[in-house]
Every structure is written in structure tokens, then in C-alpha cells.
Amino acid sequence: MLDSKLLVIKIGSNVLTQENGLPDLERMEKLVEQIQFLISHGKKVVLVSSGAVAFGRQAIPLPEKLNPVIKKQIWASTGQIRLINQYQNFFETHNQPVAQILVTKEDFRDRKHFLNMKNCVQALLSQGILPIINENDTVTITELMFTDNDELASLAAAMINADTMMLLTNVDGIFTGNPADPSSELIQKVASKMPEVSKYISASKSSFGRGGMLTKYAMAKKSADLGIQVIIANGKRENVLKEFADKILRCTWFEPQKAKHGAKKWLAHGEQYYVGEVTINEGAKSSLTAEVIRSLLPIGIIKLEGEFSKGDILLIRDESEHKIGLGRAEYSSKVANERIGQKNQKALIHYDYLYIFDHD
Ligand SMILES: Nc1ncnc2c1ncn2[C@@H]1O[C@H](COP(=O)(O)OP(=O)(O)O)[C@@H](O)[C@H]1O
Ligand SMILES: N[C@@H](CCC(=O)OP(=O)(O)O)C(=O)O
């Protein structure tokens, strides 16, 4: 395990609930105390916490036959207040101020929302305030939803350029089979060149979880590829965060690759968040995929789709429609359309804001 200065800690619903579904306040308090321990040792922490639905479900009984989406909205909106109040009460005993940030997938797509969110998180951290992030479950239904908070945590980690992401769940990490089966072994390290470990993971999830271990693995892998070390560990373990600080934690550790810089980390998550599409010719493709990458100039552009503004994410395709990568627009679609195919024009995508997909 490597040292960490800026980390995102994600706590799954199951860590905060007992087997009978009631909130596990004792566990929560212990985690709060350990987060405080990390902060007091100079680490900056952003907390992504699930638990709104679980806290709401416990407090508000609803008829069995009520529409499941409505049920989730009622439980999330009532439960989030309980969840955040509980955090505030526990952190207050340590004189630690906290902030609540509720986000949607859309906030990561819209450049202005994204920057507002990023600036806010950074400002909170610089003032010694702990940001506690959750999905705004009342407005995010079906396709607007994050796969789960593991996805939200990995987006947040890329956004703030964190060096570490910890996903706390109710098992010690990824096992070679069902974690309840004594013959299953914990995979302690996932290196980049390792064969896929996803074959070991079943789609089953814990009683209150949403995404399961498969999304945890996918998000962990992606973040590690971007240079963020990822730890999947058991949030029910007595001294989980202290053991992490002492580098003796039993967990699955994802070795980070060479760090991509902040903008590229953000772009790497952009495949679901692009606003426009740009098709480029063969010459432009060769320079974007060459060893020394160049910026994308209008002369290499064949076609533009969608209305975009400066700063929006664009998907880049080659002439055969293959997806090549993602980039950040240096100017709007209105201006770009006037410059298509022209020489001596400013790059539409600067190479610092270009992310080329791995190709075989
Ligand atoms: N190979 C595996 N190793 C570990 N856990 C697994 C594996 N396959 C499936 N799981 C399940 O994934 C669950 C954790 O995911 P999830 O329920 O989404 O938790 P959380 O609420 O913390 O996000 C574990 O409780 C376990 O049942
Ligand atoms: N936003 C939801 C959590 C959704 C979710 O991803 O849950 P989990 O799989 O337990 O991390 C809530 O607060 O209940």
C-alpha cells in the first residue's frame, strides 16, 4: 500500500446497517472516529456515503404494493436527513464540521455543474470541512442514476485528483468465490497485467447494496488505471481505517498505474458524459494515436455532431465510426462548424485534454 494525502472513502449501505436492517450506529461512530484520526494525521478526506434508503426504510414503513420508485424516493428523501444528521452529531463531538453534497450524473456531464461541484469540494477541504457526498436519489430515476455509489466515488476521486480510493463494504475484498465459502481466498493484490479477476465475482449483492462486487471491481480497475490506488475492504472491521494508515489492512489492493494528470483522469470517465461527437480523417487519427500525441486541428475534422460549448466533452470517432477517444472542446460547436476542414485554425482539442482509448 502507498501513502495517501487525499483520499475518497466510500461507505456502502451494508456497512451502516445491521443484518436486521436497522442502522448500525455503533459502527458508524467507530468509522467517524477513524476518519477523524486520518484527518488529524494530515490526510484530506472526501466521504461518499450510501445509507439514505436504508435509514429511511427503517424509519418510514410503507405499503408493500407501493410503486418501488416512489418507495425509494420517499425512503431516500426522509433517510438522507437522518443519515446526515447522524454524521453531523458524531463529527461534532470531534469538532469536525461537515458538509452535505447531493449530486446526480448530470452534474458530471454539465461542465458548469462539474466545475461548481469541484470548486465547492476543494473549498470545503481547504477550510478543513469534511464533504459528505451521496447521490440525489429523489431526482435520479432509472437512466439518470449512477450504477451505484462506487461509480460516484470513482468519479469524485478523478474529479479532485485523489491519490487513493477506499471502497468499504461488508466483505474483506474480492474473493476467488463466494466470500461465505471457507474454500474461497481473498485476492490481496490486483496488478495491471493480471488476468481478469471478474470471473470470480458473482452478481449477488448484500441485502441493501445496489451495484454488487462487479461494479466495485470495474470502478476500482478503471481508477487504478488512471493512477489512483484502490482498496476494497471490510467497513465492519474494527480498526479498518487505522489498519489502513498502518498499512496492515487485510483487503484487496489495486496497484495504481502511472498517474494521468487531473484533466485526463476526468476525461477517462467521460464516455457517458460527452456532449458532442467529432469524426476525424486518417491523417488526424495517426497524429492522435502516435507516440507523441498532437492536438486535434480543424483541418483533420470531417464531421461534427451535437451542440457543445467550450469545456464540454467530445467523443472522437475515425472514418469507420470507431471510437478513438475523448477530448475537451476548446471552443463551441458554432465556432467549430465554421472552421471544419480549414488550415491554420486553433486546435479544437488540445493534447493536454485528450484521452485516447487503449487499442489492441
Ligand atoms: N468474488 C466475490 N468476492 C467478494 N464479494 C462478492 C464476490 N462475488 C459477489 N460478492 C458480493 O458482493 C457484495 C458487496 O457488494 P454490495 O452488496 O454492492 O455492497 P455495498 O453495499 O457495500 O456497495 C458482497 O457482500 C458479496 O456478497
Ligand atoms: N444513494 C443510495 C445508495 C445507493 C448505493 O449505491 O448503495 P451501495 O451499493 O450500498 O453503495 C442511498 O444512500 O441509499
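Order of appearance sets the numbers: ligands from 1, and atoms from 1 within every ligand.
- Polar contact with ligand 2: present for Gly51 (N/O pair, distance under 3.5 Å).
- At a 4.0 Å heavy-atom cut-off, ligand 1 touches Lys10 through the side chain alone.
- Proximity of Pro179 to ligand 1, defined as any heavy-atom pair under 4.0 Å, is confined to the side chain (atoms from C-beta onward).
- Below 4.0 Å from some heavy atom of Gly177 lie the following atoms of ligand 1, by number and element: 1 (N), 2 (C).
- For ligand 2, none of its N or O atoms has an N or O atom of Asp150 under 3.5 Å away.
- A 4.5 Å side-chain heavy-atom check between Thr215 and Glu151 finds every atom pair outside the cut-off.
- Where the criterion is an N or O separation shorter than 3.5 Å, residue side chain and backbone included, Asn14 fails it with respect to ligand 2.
- One option in Leu152, Val15, Asn134 has a heavy atom closer to atom 13 (O) of ligand 2 than any other, and that option is Asn134.
- For Lys247 and Asp3, the salt-bridge test passes: some basic side-chain N is under 4.0 Å from an acidic carboxylate O.
- At least one N or O atom of Phe175, backbone or side chain, sits closer than 3.5 Å to an N or O atom of ligand 1.
- Relative to atom 21 (O) of ligand 1, the option among Asn14, Ile174, Asp172 with the closest non-hydrogen atom is Asn14.
- Distances shorter than 4.0 angstrom do not occur between any heavy atom of Ala180 and any atom of ligand 1.
- With values rounded to the nearest 0.5 angstrom, Arg57 atom CZ is found 8.5 Å from Thr17 atom OG1.
- In this structure, Lys10 is part of the shell of residues with a heavy atom less than 4.0 angstrom from ligand 2.
- Atom CG of Asn119 has more than 12 heavy atoms from other residues, nucleotides or ligands within 6.0 Å.
- Counting only N and O atoms by type, the side chains of Ser4 and Asp163 include a donor and acceptor under 3.5 Å apart.
- Within the 4.5 Å cutoff, the side chain of Leu124 has heavy atoms near those of the Ile101 side chain.
- A cation-pi geometry, defined here as NZ or CZ lying under 6.0 Å from the six-membered ring centre and within 45° of its normal, holds between Lys242 and Phe37.
- At least one N or O atom of Ala52, backbone or side chain, sits closer than 3.5 Å to an N or O atom of ligand 2.
- The ligand atoms of ligand 1 that sit less than 4.0 angstrom from a heavy atom of Lys216 are 15 (O), 18 (O), 19 (O), 20 (P), 22 (O), 23 (O).
- Residue contact annotation: Gly173 has a non-hydrogen atom under 4.0 Å from ligand 1.
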- Starting from the C-alpha separation in whole Å, work towards a yes-or-no answer on side-chain hydrogen bond (donor to acceptor under 3.5 Å, both in side chains) for Gln73 and Thr138. CA-CA 5 Å; Gln73 286 176 306; Thr138 50; over 6 Å; no
- Message: Checking Asn178 against Ser184 for the side-chain hydrogen bond (donor to acceptor under 3.5 Å, both in side chains) test, could you report, in this order, the C-alpha distance in whole Å, the side-chain angles of both residues, the deciding distance, and whether it holds?
- Response: CA-CA 6 Å; Asn178 183 342; Ser184 302; over 6 Å; no
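- Proximity to Ser13 (heavy-atom distance under 4.0 Å) selects the following atoms of ligand 1: 21 (O).
- Between Lys285 and Glu319, none of the side-chain N atoms (NZ, or NE/NH1/NH2) sits under 4.0 Å from a carboxylate O, so this pair counts as no salt bridge.
- From Asp172, atom CG reaches atom CD of Gln188 across 9.5 Å, with rounding to the nearest 0.5 Å.
- Residue Asn149 comes nearest to Val48 through the heavy atom pair O-CG1, 4.0 Å, listed as atom of the first residue, atom of the second, then distance.
- The minimum heavy-atom distance between His269 and Ala158, with the atom names listed, is CD2-CB, 3.5 Å.
- For the pair Asp148 and ligand 1, the shortest N or O to N or O distance does not fall below 3.5 Å.
- Of the N or O atoms in Ser13, one or more lie within a sub-3.5 Å distance of an N or O in ligand 2.
- Close N/O approach between Thr169 and ligand 1 is found [any backbone or side-chain N/O within under 3.5 Å].
- The distance criterion of under 3.5 Å between nitrogen or oxygen atoms is not met by Ala54 with respect to ligand 2.
- Within the 4.0 Å heavy-atom criterion, both parts of Val53, backbone and side chain, lie near ligand 2.
- At under 3.5 Å, a nitrogen or oxygen of Ser50, whether backbone or side chain, sits near a nitrogen or oxygen of ligand 2.
- Which parts of ligand 2 touch Asp148 is read off a 4.0 Å heavy-atom cut-off, strictly below it: atoms 6 (O).
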